[in-house]
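Shown next, in structure tokens, is the structure this report addresses.
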Amino acid sequence: MAFVAAGDITVHYELTGPSDAPVVLFANSIGTNFHIWDEQVKALGGRIRTLRYDMRGHGLTDATPGAYSMNMLADDALCLLDTLGIEQAHVCGLSIGGMMAQRLAVKAPDRILSLVLADTASVISPPEIWQSRIEAIRSGGMASIAAGVMPRWFTSAFLVSETERVRGYVNMVSRTSDTGYIGCAMAIRDADLRGDCARIACPTLVVVGEQDQATPLPQAEALIRAISNSQLKVITGAGHLPCVEQPAAFTDAVFDHLQTVGVVAPKETV
């Protein structure tokens, strides 16, 4: 396990792959840790340098008290890149990770080469939804919401056929810091990135699970309309976490995007 002091927090991260290869930064969704990217790192690690980290308040990264913001989370990612001596990166962010990526691409456009915005939006759910969840956690802790978010993350078929894995994800959510989750929930609650989207200039792939209930297809289509240099990929048979539920299809989408922007060689020559 690797840890580094980045800004005001200690960050848990993993940097693997050829030292001279382009870097892809993976940013996880709320309530998860960087292991949601296990299959992507396994498949892509020999071709690119993969950097994944636990977002503030998640996994083994510090959970600071108080409300977080997308600016704060983008600064965390930028500080991590600075600390590790990485000048430029491609960024793949899921859900809140995708919101952070939108902010980061506008905040530091010279540092971000391209984006994969997965199952995300410029605004995710009305603020009262997040406030209700925050109050539930304050009252009953993370265990009070963990099982309830599974149908929003996964398809009904996955919930039935992969009961042990779903139980593992319930554990992942349950063991997330109350403080960290609430801080990130406040960041999502207060974020409106519609102005940012119009300013994103780098090549962008928008990915969405066909059955995503949390950030459904119309929200992905809204991102496509807002971001000039963008394309859409729908992952069939997947919900809000296609990197987990349909890892091969998700990885192929990321690979094809990296090939399009000239990061990796065509598949037949790899």
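Throughout, numbering of the chain's residues begins at 1 and tracks the sequence. When reading the values below, keep in mind they use all heavy atoms of this one structure, side chains included, and skip hydrogens, waters and symmetry mates.
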Give a yes or no on whether the backbone of H58 and the side-chain of N33 come within a donor-acceptor separation of less than 3.5 Å. no
Ring centers of F34, H12 separated by less than 6.0 Å: yes
Under 3.5 Å, which donor-acceptor pairs do the side chains of residues 226-236 form with other protein atoms, sequence neighbours left out?
{"residue": "S230", "atom": "OG", "partner": "I224", "partner atom": "O", "Å": "3.3"}
{"residue": "S230", "atom": "OG", "partner": "I227", "partner atom": "O", "Å": "2.6"}

Do side-chain atoms of Q219 reach the backbone of V123 as a donor and acceptor pair under 3.5 angstrom? yes
So, T61 side chain and G57 main chain: donor-acceptor pair closer than 3.5 Å or not? no
Contacts under 3.5 angstrom, residues 16-24 side chains, donor-acceptor by atom type, not counting sequence neighbours:
{"residue": "T16", "atom": "OG1", "partner": "T50", "partner atom": "OG1", "Å": "2.8"}

Pick one: which of L241, T163, V166 meets side-chain contact (heavy atoms from CB on, under 4.5 Å) with F158? V166
Okay, side chain of E162, backbone of E245: is any donor-acceptor separation there less than 3.5 Å? no
Name all residues meeting the side chain to side chain donor-acceptor pair (under 3.5 Å) criterion together with S95; count only those two or more places apart in sequence or in a different chain, and write none if there are none. H240
Stepwise, does the side chain to side chain donor-acceptor pair (under 3.5 Å) test hold for T155 with Q211? CA-CA 7 Å; T155 63; Q211 300 179 51; 5.1 Å; no
Checking the side chain of S69 only, and the main-chain atoms of A67 only, is there a donor and an acceptor separated by less than 3.5 Å? no
Report yes or no: does E87 contribute a side-chain atom to a donor-acceptor pair with the main-chain N or O of R111 at less than 3.5 Å? no
Per the salt bridge (Lys or Arg N to Asp or Glu O under 4.0 Å) rule, what does the pair list look like for residues 121-141, sequence neighbours excluded? E135-R138
Side-chain contact test, heavy atoms from C-beta onward, threshold under 4.5 Å: evaluate it for C243 versus E39 and give yes or no. no
When you measure from the centre of the six-membered ring of Y68, is the NZ or CZ of R56 closer than 6.0 Å and no more than 45° off the axis? yes
Sequence neighbours excluded, the answer for salt bridge (charged side-chain N to carboxylate O under 4.0 Å, His left out) partners of D75 is K107
Are L25 and L113 linked, directly or through intermediate hydrophobic residues, by side-chain heavy-atom contacts shorter than 4.5 Å (ILVMFWY only)? no
Not counting sequence neighbours, which residues clear side chain to side chain contact (heavy atoms under 4.5 Å, CB included) with A101? List them please. V91, L115, L117
Heavy atoms of G97 and M55 approach each other most closely as CA-CE, 4.0 Å
Under 30°, 30 to 60°, or over 60°: which ring-plane class applies to F26 and W37, parallel, tilted or perpendicular? tilted
Just by modelled atom types, is the N28 backbone N or O under 3.5 Å from a matching donor or acceptor in the T32 side chain? no
